[in-house]
There are 2 protein chains.
Amino acid sequence: MAKAGEAVNDMAGAAPSEPRLRADAERNAEQIRRAAIDAFRGRGLTVPLEEVAKVAGVSKGTIFNRFSGRIGLIEAVIEEVVATELYAIIDRTRSIAEPGKQLRYYVTAIRDLQYRQPAVVDTVLQTYPDSKSLMAICRAGTEIHDELVAAGRACGALRSDFTADDLHVLLHDSALTLKHGTRPQRDDYDRRTTHLLDGIHAQQPTAAG
Amino acid sequence: MAKAGEAVNDMAGAAPSEPRLRADAERNAEQIRRAAIDAFRGRGLTVPLEEVAKVAGVSKGTIFNRFSGRIGLIEAVIEEVVATELYAIIDRTRSIAEPGKQLRYYVTAIRDLQYRQPAVVDTVLQTYPDSKSLMAICRAGTEIHDELVAAGRACGALRSDFTADDLHVLLHDSALTLKHGTRPQRDDYDRRTTHLLDGIHAQQPTAAG
DNA sequence: GGTAAACTGACCTTGCGAGTCAAATTGTGG
DNA sequence: CCACAATTTGACTCGCAAGGTCAGTTTACC
């Protein structure tokens, strides 16, 4: 199987071959891109475009001139912001031999990334369904979820009543609480990750007190 | 120990002894109360006051005249909307002999109530911190959380790294996902409740694949 | 320097519900 | 049945924040 999401970003929404840009426009586009990467990394994909503009040293209007708005800007930088890391996790997960460890690694890694990168939260929540690359990432997610759950069940490491949809919801809810809740301490967050994992692992007590 | 939250509602924000109300005002107050109970039950405490007014057959202004706004209205009906059920759960939980079963019952019951009653979600999320009765309910929650975790740990039914704060966060996150996410099917929701419970139960695999 | 490209930032827009208040209505006591 | 206070009404204002627009100005390029 090829690497995950190999071509998310062929000519994303920005500066294809079209009429050549003037030097200042070219320069601004690049500064906006850089600013966007920083801002999206630091504050998530929902950061006000005015912030991005300020960091880039241009005015809001210029972002619209160069990228026609947030979606275009996202397409132009999503690779650097989250896609690379996300797909790396997916690839690493697939490369794990024991199916039982795959899911454990995957959930831990995604939860970690969600904690560190607000943009991943926005991605998982599908905050901008109009962005094609964002949706492509989500599709890749759904795919591996199916795989992981199938493999986990088959090898008996995963409780049998746990579905791919449960996994999807688990990560989605995880994103929701980071988005709308109070950011927990890192160690609390990690401990809760293990609680979650243990809850979906096979061989449960379930009935007893 | 006395029953939980015995006197949340001594003269909540509405119609105390003050100057006697005119007949129509009295009637309206009662209709608004009834409408509010319905609306809060059906759509949560955040339902637009205009909806309540419509159901009550009065105009928005009248709600302000009679209850001085949402907070006053909440104080006036919170008992019927959520307090009674919530305190009943707390009492029933305390009456359970085996400490191991207490927490299991409690979490299941609260999750169930959150699912059925959007108003409980708003309560847990402390959407209206200015409402005294709402905050009283939250305090009662915190109290029993401490008790339950202490008891659960003591009897060995609860994993030792699970804190009262974890319990608090668990229910808070649960509320958040109901508030901001897509409402899951009832049976999916219940299954996930058992996953959660199994994750915080003692004797975990944790390390293995 | 002339011209088209590009930038700028003030301004308009959107959305929604809380809360207000002058004018209209209605209950009440006499 | 009236006078008048109590009450209701619903149109209006407010807040708030970000997205998006465009006339006017500046800048790159030949």
Side chain B/K60 and base C/dG17 donor-acceptor under 3.5 Å: no

Axial cation check for A/Y106 ring with A/R92, 6.0 Å and 45° limits: no

A/E51 CD - D/dG20 P separation (whole Å): 16 Å

Pairwise 5' ranking along DNA chain D for B/G61 and A/D24, keeping only the more 5' one: B/G61

B/N65 side-chain N/O to D/dT7 phosphate OP1/OP2 under 4.0 Å: no

A/T93 side chain to A/Q102 side chain, donor-acceptor N/O pair below 3.5 angstrom: no

Interatomic distance where CD belongs to A/E50 and C1' belongs to C/dA10 [whole Å]: 11 Å

Nearest-angstrom distance from the residue atom CD1 of B/I63 to P of C/dA18: 9 Å

Any B/T62 side-chain nitrogen or oxygen under 4.0 Å from OP1 or OP2 of D/dT7: no

Side-chain N or O of B/R66 closer than 4.0 Å to phosphate OP1/OP2 of D/dT8: yes

Euclidean distance, atom CG of residue A/L49 to atom C1' of C/dG9 [Å, nearest integer]: 15 Å

A/D198 and B/H201 side chains, donor-acceptor separation under 3.5 Å: no

From C/dG17, C/dT20, C/dG27, nucleotide with atom closest to B/F64 side chain: C/dT20

Side-chain N,O (B/S59) to OP1/OP2 (D/dT8) below 4.0 Å: no

Distance-minimising heavy-atom pair for B/M135 and B/Q126: CE-OE1, 3.1 Å

Residue closer to the 5' end of DNA chain C, B/G69 versus B/R27 (nearest nucleotide): B/G69

Candidates D/dA18, D/dA28, C/dT28 - which lies nearest the side chain of B/A23: C/dT28

Residue B/N28, side-chain heavy atoms: nucleotide from C/dC7, D/dT8, D/dT9 that is nearest: D/dT8

Interatomic distance, A/R20 CZ vs D/dA28 P [rounded to whole Å]: 16 Å

Parallel, tilted or perpendicular: rings of B/H168 and B/H145 (30°, 60°): perpendicular

Nearest-nucleotide comparison on DNA chain C, the residue closer to the 5′ end among B/R70 and B/R22: B/R70

Separation of atom CD in A/Q31 from atom P in C/dA6, rounded to whole Å: 16 Å

Distance, rounded to the nearest Å, where A/I32 contributes CD1 and C/dA6 contributes P: 12 Å

Atom-pair distance (CZ on A/F67; C1' on D/dT21), nearest Å: 19 Å

